[in-house]
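The structure appears below as structure tokens.
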There are 4 protein chains.
Amino acid sequence: MSRMREMDDKKAKRELILDAAVRVFSRRGYHEARMEEIALEAGIGKGTIYEYFDSKLTLFQEVLGRSRDIYYNSLAIENENSLSLREKIRLVFLSHIRFCQENKELTRVVFWDTEIMDEELKAWSYEKRKEKERMLSEVIEKAMEAGEIRGINPYALTLVITGALGALWLPIVLEEWSGDAESLAGELTDIIFEGIKG
Amino acid sequence: MSRMREMDDKKAKRELILDAAVRVFSRRGYHEARMEEIALEAGIGKGTIYEYFDSKLTLFQEVLGRSRDIYYNSLAIENENSLSLREKIRLVFLSHIRFCQENKELTRVVFWDTEIMDEELKAWSYEKRKEKERMLSEVIEKAMEAGEIRGINPYALTLVITGALGALWLPIVLEEWSGDAESLAGELTDIIFEGIKG
Amino acid sequence: MSRMREMDDKKAKRELILDAAVRVFSRRGYHEARMEEIALEAGIGKGTIYEYFDSKLTLFQEVLGRSRDIYYNSLAIENENSLSLREKIRLVFLSHIRFCQENKELTRVVFWDTEIMDEELKAWSYEKRKEKERMLSEVIEKAMEAGEIRGINPYALTLVITGALGALWLPIVLEEWSGDAESLAGELTDIIFEGIKG
Amino acid sequence: MSRMREMDDKKAKRELILDAAVRVFSRRGYHEARMEEIALEAGIGKGTIYEYFDSKLTLFQEVLGRSRDIYYNSLAIENENSLSLREKIRLVFLSHIRFCQENKELTRVVFWDTEIMDEELKAWSYEKRKEKERMLSEVIEKAMEAGEIRGINPYALTLVITGALGALWLPIVLEEWSGDAESLAGELTDIIFEGIKG
DNA sequence: CATGAATGAGACTTCATTCAT
DNA sequence: GATGAATGAAGTCTCATTCAT
């Protein structure tokens with residue numbers, strides 16, 4: 001076998017393992033994923049994984065890294081310098097939605113949260129979130145009827161608001177952001193109400 | 001000891017364990033948390049936890065449930081029916097930020113994602129996110145200079161956009177949302193640019 | 001309270017614990033029995049058992065010892081020296097069957113071959129059995145000398161009798177056999193004396 | 001390694017574990033037996049046992065089941081239909097004594113009335129005993145019809161025979177009795193057939 | 001003396017990783 | 001190189017026993 005072909009084989013088997021790992025990590029999360037299941041999914045022996053990856057953690061890091069790279073590449077906004085910001089943002093949203101729709105397993109690895117989640121807890125969690133969404137939607141529709149806000153898709157607004165909330169805890173908790181709450185709350189609300197159009 | 005006092009003690013010890021558990025689950029995540037560490041943190045013996053909670057999962061469920069309840073109660077928007085939507089949204093943002101600032105450990109339990117996160121991976125993850133933010137900020141500032149958008153806090157806009165993105169994968173992947181990508185992307189962009197004011 | 005009364009109380013509580021222990025050991029066996037269940041059954045606190053018994057093993061040893069004493073006393077063949085061997089054997093069978101029928105819990109403790117058997121207990125158990133065999137052998141040899149029975153290996157007869165006794169508790173206690181004690185004792189004795197030859 | 005050899009190895013290791021388990025269960029009983037001790041006895045690692053058996057209980061069940069099968073097969077009286085009842089009974093005693101003498105550890109596992117006995121095992125155990133009794137009763141009744149033995153209660157005879165068998169293992173295994181199997185079997189049969197009457 | 005909350009040694013079991021074949 | 005049987009560290013949980021009240 002030529003050295004070229006050998007390397008291709010080597011690369012191909014790595015790829016095989018990574019593909020299997022994406023699927024398994026996606027449906028089990030890191031801790032519930034078993035090396036044996038990944039090997040089985042890849043159709044190879046358990047020990048073979050260790051020929052290509054140092055450890056479970058290493059494998060996961062590569063899976064996560066590649067998945068995120070694929071995701072970020074799919075956003076592809078840097079190549080579109082001629083577009084307006086509006087168009088760029090629209091494109092980001094569009095690419096994101098399409099990526100998620102077309103790569104559910106990759107998406108799960110990239111955005112996965114709370115790994116344990118036995119069925120009871122999952123249901124409870126889901127209900128709580130739905131309740132929050134229902135509450136928000138109700139308030140939004142009332143405000144729309146009252147003419148306080150213009151006609152928009154309430155679900156889209158829900159996404160914007162809950163999204164900002166979800167994005168807002170990490171810098172505070174992990175990066176020790178300690179700015180002024182009043183100003184930030186005001187600025188966020190201002191953007192949502194007045195828009196950013198120049 | 002009076003029966004009254006006894007019950008207080010019983011309750012107090014439960015509370016003691018829950019407090020310790022919040023701290024340990026917060027800094028380790030569910031799987032990396034060790035029952036022994038929780039006991040140590042609470043200043044009690046390993047077996048004592050099992051006098052108050054059936055299992056590790058049960059304990060975590062209570063910690064998560066209580067943390068979320070505290071969080072949702074802190075938002076407290078239902079009692080403020082007289083306020084305008086604008087004011088309500090501002091209040092939600094404000095409460096959220098203040099809660100996160102004042103209850104970092106609780107926050108971590110409530111919003112925690114991807115539990116493994118050894119230091120290397122955490123750093124890598126952080127860098128990737130920062131890069132995304134920098135990129136966005138740059139684009140935003142350019143658009144602001146060009147007069148395409150009005151003068152706003154770029155970081156606030158970053159939060160709105162990345163937040164919406166972060167909120168957008170779960171319904172697609174877990175709830176099998178399969179609406180039209182084009183319309184949703186358009187509506188989201190529209191909200192951000194035009195605002196929602198009536 | 002008088003010293004006399006105190007000692008009665010002390011004795012009464014020991015008795016209370018032993019009674020509870022017989023019931024629990026009988027239905028659970030040694031290893032599955034929980035000290036807490038014994039305390040509950042006795043209507044006292046868990047710690048109180050340790051005021052009267054050094055350990056679970058000690059408690060079991062006393063329960064086993066007393067149960068066996070009660071059993072052996074119920075056989076009561078030594079006081080009946082005037083009887084013929086045939087009548088003695090019939091009486092042993094009869095007493096055994098009646099004891100089993102009337103003391104199912106005690107019976108279970110006595111005959112349930114528990115695996116614990118620390119060295120001390122094993123020795124005690126062994127000695128008790130040997131004593132029973134010696135007694136039987138003596139009686140047999142006397143009867144043989146007296147010409148009441150023909151020349152046989154006394155040990156073999158001991159095996160047949162103690163064997164039948166050992167085989168006789170399980171159907172009574174576990175399968176709720178409730179036939180007529182007199183007839184069965186008679187039939188067994190008859191077989192042993194007359195043989196089964198046609 | 002050839003697939004044939006592999007399977008032999010796999011089987012051999014199972015056998016290795018089962019052998020070690022017989023020894024350890026025999027000298028410790030179920031509850032006092034430690035998985036680590038079994039592994040040590042087998043000269044393998046603790047985890048290896050779990051490659052071949054699901055749990056400690058499963059392992060014990062197989063040990064007990066196999067031991068009993070070996071014992072029951074050793075009795076082998078069903079193939080000897082031409083023999084008289086007297087000869088059959090003598091053979092049962094003989095086989096039993098020889099089995100106990102030659103398989104002390106197996107014997108201990110078979111006759112040591114362990115308290116574990118989960119429901120499945122209990123049912124299995126009960127069924128096996130009932131089967132033994134049925135077989136004996138059948139043989140007895142046939143012999144009675146044929147006039148080989150006189151009219152007696154077959155159940156009583158069953159008790160005498162199984163009782164003697166049950167009484168016969170302990171002196172052999174624990175007290176290292178090493179008398180002549182032929183004579184003892186003969187003497188027991190003689191007592192049962194001829195009776196002891198002078 | 002009586003209690004039961006607290007304890008921690010020690011059991012079973014899992015599973016990432018190794019290594020002889 | 002590929003394999004999977006073997007490993008043992010490490011985790012959760014139990015329960016006899018202790019001891020402050």
| field | Under 3.5 Å: donor-acceptor pair, side chain of A:R28, backbone of A:R34 | value | no
| request: Check every strand shown and say whether B:A42 touches a base, only sugar-phosphate, or nothing at a heavy-atom separation below 4.0 Å. | output: nothing
| Start at the 5' end of DNA chain F and walk down; is the nucleotide closest to A:I44 or to C:Y50 reached first? | A:I44
| message | Applying a 4.0 Å non-hydrogen cut-off, can you work out what D:A39 is touching in the nucleic acid: base, sugar-phosphate, or nothing? | response | nothing
| query | So D:R23 and D:E41, salt bridge (Lys or Arg N to Asp or Glu O under 4.0 Å) or not? Walk me through it. | reply | CA-CA 8 Å; D:R23 290 196 295 279; D:E41 184 95 16; 2.8 Å; yes
| query | Can you tell me if the side-chain N/O atoms of D:T48 get under 4.0 Å from OP1 or OP2 in F:dA5? | reply | no
| request: Give a yes/no on whether any side-chain N or O of D:Y52 is located under 4.0 angstrom from OP1 or OP2 of F:dA6. | output: yes
| message | Please determine whether a side-chain nitrogen or oxygen atom of A:K13 lies at a distance below 4.0 Å from atom OP1 or OP2 of F:dA2. | response | yes
| field | Contact under 4.0 Å: C:K46 side-chain N or O vs E:dG4 OP1/OP2 | value | no
| said: Would you call the rings of D:F25 and D:Y30 parallel, tilted or perpendicular, taking 30° and 60° as the class edges? | reply: parallel
| query | Start at the 5' end of DNA chain E and walk down; is the nucleotide closest to D:M35 or to C:I49 reached first? | reply | C:I49
| said: Go nucleotide by nucleotide along DNA chain E from the 5' end; which of D:E36 and A:R34 gets its closest nucleotide reached first? | reply: D:E36
| In the strands shown, is F:dA20 matched to any nucleotide by a Watson-Crick or G-U wobble pair with both distances under 3.5 Å, and which? | E:dT3
